[in-house]
Chemist: 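Let me give you the structure first, and then I'll get to my questions.
Note that these values count all heavy atoms, side chains included, but never hydrogens, waters or copies made by symmetry. Numbering of ligands and ligand atoms starts at 1, following listing order. Residue indices begin at 1 and follow the sequence shown.
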Amino acid sequence: MSIDSRLPNFRALDPSARLDEIVNKVGLTQEERALIAEPNALPLETANGMVENVIGKFELPYSVAGYVQINGRDVLVPMVVEEPSVVAAASFMSKLIRDAGGFQTSSSGPIMRAQVQIMGITDPYGARHALLNHRQEIIEMANQRDKVLIGLGGGCRDIEVHIFPDTPRGPMVVMHLIVDVRDAMGANTVNTMAETVAPRVEEITGGKVRLRILSNLADLRLARARVQIPAAILKTDKYSGEDVINGIVDAYTFAAVDPYRAATHNKGIMNGIDPIIVATGNDWRAVEAGAHAYACRDGRYTSLSTWEISKEGDLVGTIEMPMPVGLVGGATKTHPLARLSLQIMQLKSAQELAEIAVAVGLAQNMGALRALATEGIQRGHMALHARNIAIAAGAKGDLIDKIAQKMAAAKDVRTDYAIELLKEFQ
Ligand SMILES: CC(C)(COP(=O)([O-])OP(=O)([O-])OC[C@H]1O[C@@H](n2cnc3c(N)ncnc32)[C@H](O)[C@@H]1OP(=O)([O-])[O-])[C@@H](O)C(=O)NCCC(=O)NCCSC(=O)C[C@@](C)(O)CC(=O)[O-]
Ligand SMILES: NC(=O)C1=CN([C@@H]2O[C@H](COP(=O)(O)OP(=O)(O)OC[C@H]3O[C@@H](n4cnc5c(N)ncnc54)[C@H](OP(=O)(O)O)[C@@H]3O)[C@@H](O)[C@H]2O)C=CC1
């Protein structure tokens, strides 16, 4: 079913009316609606089965970003995040990008690496060749364990052997299993394979296998997004489109050359990505680890995105990064709201989810750079953060927005001012 991801006036509705709009657009049932609306989406019994030492549940806001259009397909994007202005910026930039034709995305196959560390070897180059001579046998052995994955067209595809000839503990050989994990994130899948082949690896090399674990530097599982936006779409009351474009490209260049800035720039990208990873029950630590390791792959930490100016003078943004996410496995099927998030996005494959995540990451990056390079981050962000401050100061009901608006208008968003205003209004 194709949907319309535009959400005009959505922000003006109350949460229940917003939910009705999403239910209607996506065609959710009343039972599914109730899961989002009611406070017990994740039963304690399920939570207790997910992790250890559970004493309760910790809730976060569940939002939907609008206007996202990817390769011509409209997608409503669920986001779970505690930080104000993230969802607003994702929607706003997706709206501008949509007017310019939307996101173009692509991805590599869902390929993960597992590492098998081999110690106690005096002839690491000889061991490498021995392992490569047994390549087919090792692949077949790895594939014996997971019939479901093989049935789905996945499985171990290849091996690589890396050598560290001179470590403080002597020569180290590291064999990689290169595994197509289909629609899973794949950690458990590849870890099982690595443990399965380890005894044979010891026989082949005469060494001692130590670690058998996936690598979170998922550099064979890349997702990409590209946008091209004419200056006319970017102009504001105070800035010409050319000013905005030059500001964004200068801001990107700062991140490209300076790791202190790149860390913040990439945090802005992850502002768009992490909330989708959380909303779908995926492993955000794995995504974060992969992102930052990839940002440093040439030995110098740099930007995960690029911003350039096309021949026509348009702004061109791109992003390419690891995106190890699944539609099955982990908590994706255990957490009822994670299942619903996948349904809201109407996903058919993990690669589609990966592409949506990086597209929203790119939009989020554009939102932050656009604000930073023009009026500054505080106007838009602090106006929304003011509601948090008002709540922290003790405001309830209508007073939250009243106090937040007053602080934003005065450009003075502080808890002590909020407390002062609360006393005035009460
Ligand atoms: C915050 C905005 C979007 C306001 O921007 P604005 O110009 O006030 O927005 P607007 O009122 O003209 O609305 C435009 C659209 O934005 C959306 N929108 C606007 N407001 C809302 C809202 N309340 N609730 C829901 N949606 C909202 C909404 O889609 C709306 O269109 P509509 O659907 O109404 O036709 C803008 O100022 C912005 O994009 N700022 C950047 C915010 C940002 O990056 N936040 C991240 C937190 S800061 C950080 O952690 C990262 C950083 C900055 O350090 C990274 C870095 O340094 O690179
Ligand atoms: N360093 C890290 O990042 C680590 C992360 N983890 C955790 O591992 C979990 C993810 O592991 P993962 O292997 O994805 O999870 P699971 O083991 O839960 O699920 C993967 C399994 O699902 C089955 N499956 C069913 N349908 C499909 C399909 N369409 N595509 C692929 N597989 C399918 C497969 O076989 P079958 O049915 O036979 O199982 C596959 O092995 C996360 O919770 C993560 O936090 C764990 C260790 C380390």
Chemist: Which residue owns the protein heavy atom closest to atom 41 (C) of ligand 1, what's the atom, and how far is it?
Modeler: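 Atom 41 (C) of ligand 1 sits closest to the protein heavy atom Gly367 O, 3.7 Å.
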
Chemist: Heavy-atom contacts with Ala89 under 4.0 Å: which atoms of ligand 1 show up? List them by number with element.
Modeler: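 Listed by number with element: 3 (C), 39 (O), 42 (C).
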
Chemist: Using a strict cut-off of 4.0 Å, indicate which atoms of ligand 2 neighbour a heavy atom of Gly330.
Modeler: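 Numbered from 1, ligand 2 contributes 15 (O), 18 (O), 42 (C), 43 (O).
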
Chemist: What protein heavy atom sits nearest atom 37 (O) of ligand 1, and how far off is it?
Modeler: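 Residue, atom and distance for the closest contact: Gly380 CA, 3.4 Å.
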
Chemist: Should you measure from each heavy atom of Leu214, which atoms of ligand 2 turn up under 4.0 Å away?
Modeler: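 Contacts of ligand 2 toward Leu214, numbered from 1: 1 (N), 2 (C), 3 (O), 4 (C), 48 (C).
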
Chemist: Side chain, backbone, both or neither: which part of Arg370 has a heavy atom under 4.0 Å from ligand 1?
Modeler: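 It is neither part, as no heavy atom is under 4.0 Å.
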
Chemist: Out of Ala88, Gly66, Ala373, who gets a non-hydrogen atom closest to atom 18 (N) of ligand 1?
Modeler: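 Looking at heavy atoms only, Ala88 sits closest to atom 18 (N) of ligand 1.
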
Chemist: Using distance alone, decide if ligand 1 has a nitrogen or oxygen within less than 3.5 Å of any nitrogen or oxygen in Lys267.
Modeler: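 N/O-N/O distance under 3.5 Å: yes.
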
Chemist: Could you check which of Gly376, Pro8, Ala371 puts a non-hydrogen atom nearest to atom 40 (N) of ligand 1?
Modeler: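 It is Ala371 whose heavy atom sits nearest to atom 40 (N) of ligand 1.
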
Chemist: One residue to check: Asp146. Relative to ligand 2, which of side chain, backbone, both or neither has a non-hydrogen atom less than 4.0 Å away?
Modeler: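 Side chain only.
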
Chemist: Run the numbers for me: atoms of ligand 1, each under 4.0 Å from some heavy atom of His381, listed by number.
Modeler: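 What qualifies from ligand 1 is 47 (C).
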
Chemist: I need the nearest protein heavy-atom contact for atom 28 (C) of ligand 2: residue, atom name and distance, please.
Modeler: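 Of every protein heavy atom, Leu152 CD1, 3.1 Å lies nearest to atom 28 (C) of ligand 2.
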
Chemist: At under 4.0 Å between heavy atoms, is it the side chain or the backbone of Ile377 that contacts ligand 1, or both, or neither?
Modeler: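 For Ile377, only side-chain atoms sit under 4.0 Å from ligand 1.
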
Chemist: What are the atoms of ligand 1, with element, lying closer than 4.0 Å to any heavy atom of Asn271?
Modeler: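 Ligand 1 atoms under the 4.0 Å threshold to Asn271: 46 (C), 47 (C), 49 (C), 50 (O), 51 (C).
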
Chemist: What part of Leu372, side chain, backbone, both or neither, has a heavy atom within less than 4.0 angstrom of ligand 1?
Modeler: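 For Leu372, the contact with ligand 1 is made by the side chain alone.
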
Chemist: Between Asn191 and ligand 2, does any nitrogen or oxygen pair lie at a separation below 3.5 Å?
Modeler: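 Asn191 vs ligand 2: no N/O contact under 3.5 Å.
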
Chemist: Can you sort out which atoms of ligand 1 are near Leu7, meaning under 4.0 Å from one of its heavy atoms?
Modeler: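 Atoms satisfying the 4.0 Å criterion: 33 (O).
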
Chemist: Any donor-acceptor pair under 3.5 Å linking the side chain of Glu195 with the backbone of Asn191?
Modeler: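 Answer holds: no.
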
Chemist: Which residue supplies the protein heavy atom nearest to atom 45 (N) of ligand 1, what is that atom called, and how far is it?
Modeler: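 Result: Ser85 OG, 2.7 Å.
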
Chemist: Is Phe10 touching ligand 1 with its side chain, its backbone, both, or neither, if touching means heavy atoms under 4.0 Å apart?
Modeler: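 Looking at Phe10 and ligand 1, no heavy atom falls under 4.0 Å.
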
Chemist: Return a yes/no value: protein heavy atom under 4.0 Å from atom 22 (C) of ligand 1?
Modeler: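 When distances to the protein are checked, atom 22 (C) of ligand 1 has a heavy atom within 4.0 Å.
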
Chemist: Go through ligand 2 atom by atom and flag the ones less than 4.0 Å from a non-hydrogen atom of Leu149.
Modeler: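 Answer for ligand 2: 31 (C), 32 (N).
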
Chemist: Step by step, work out the side-chain hydrogen bond (donor to acceptor under 3.5 Å, both in side chains) result for Asn266 and Tyr301.
Modeler: CA-CA 10 Å; Asn266 289 342; Tyr301 187 85; 2.9 Å; yes

Chemist: Would you say ligand 1 has an N or O under 3.5 Å from any N or O of Glu83?
Modeler: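 Among all N and O atoms of Glu83, at least one is under 3.5 Å from an N or O of ligand 1.
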
Chemist: Any heavy atom of Gly154 sitting closer than 4.0 Å to ligand 2?
Modeler: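 Contact check Gly154 vs ligand 2: negative.
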
Chemist: Show which atoms of ligand 2 fall inside a sub-4.0 Å distance from at least one heavy-atom site of Val181.
Modeler: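 Per the distance check, 30 (N), 31 (C).
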
Chemist: What are the atoms of ligand 2, with element, lying closer than 4.0 Å to any heavy atom of Asn216?
Modeler: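 Within the 4.0 Å cut-off of Asn216, ligand 2 contributes 1 (N), 2 (C), 3 (O).
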
Chemist: Among all protein non-hydrogen atoms, which one is nearest to atom 8 (O) of ligand 1, and what is the separation to 0.1 Å?
Modeler: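 Heavy-atom neighbour on the protein nearest atom 8 (O) of ligand 1: Arg379 NH1, 2.9 Å.
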
Chemist: Which of the numbered atoms in ligand 1 are below 4.0 angstrom from a heavy atom of Leu384?
Modeler: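 That gives atoms 1 (C), 23 (N) of ligand 1.
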
Chemist: Report the nearest protein non-hydrogen atom to atom 52 (C) of ligand 1: residue, atom name, distance rounded to 0.1 Å.
Modeler: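 The closest one turns out to be Ala368 CB, 4.3 Å.
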
Chemist: Pull out every atom of ligand 2 sitting under 4.0 Å from any heavy atom of Asp283, numbered as shown with elements.
Modeler: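 Heavy-atom distances to Asp283 below 4.0 Å select 3 (O), 5 (C), 44 (C), 45 (O).
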
Chemist: If you have a sec, work out which protein heavy atom is nearest atom 57 (O) of ligand 1 and how many Å separate them, to one decimal?
Modeler: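 Checking every protein heavy atom, the shortest distance to atom 57 (O) of ligand 1 gives Arg261 NH1, 2.8 Å.
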
Chemist: Please check whether Met185 reaches ligand 2 - meaning an N/O of the residue sits under 3.5 Å from an N/O of the ligand, judged on distance alone.
Modeler: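 N/O-N/O distance below 3.5 Å exists for this pair.
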
Chemist: With side-chain hydrogen bond (donor to acceptor under 3.5 Å, both in side chains) as the criterion, how do Ser215 and Gln115 come out once you've worked through the C-alpha distance, each side chain's angles and the decisive distance to 0.1 Å?
Modeler: CA-CA 6 Å; Ser215 168; Gln115 297 187 291; 4.6 Å; no

Chemist: Among all protein non-hydrogen atoms, which one is nearest to atom 35 (O) of ligand 1, and what is the separation to 0.1 Å?
Modeler: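 Sorting protein heavy atoms by distance from atom 35 (O) of ligand 1 puts Lys95 NZ, 2.5 Å first.
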
Chemist: For atom 24 (N) of ligand 1, what is the closest protein heavy atom, and at what distance to 0.1 Å?
Modeler: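 Among all protein heavy atoms, the one nearest atom 24 (N) of ligand 1 is Arg11 CB, 3.5 Å.
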
Chemist: Would you mind listing which atoms of ligand 2 come within a distance below 4.0 Å of any non-hydrogen atom of Ala286?
Modeler: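 Counting from 1, the qualifying ligand atoms are 3 (O).
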
Chemist: Please enumerate all residues that pass ring-ring contact (aromatic ring centres under 6.0 Å, His included) together with His176, with sequence neighbours excluded.
Modeler: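 If we apply the ring-ring contact (aromatic ring centres under 6.0 Å, His included) test to His176, skipping adjacent residues, the hits are His162.
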
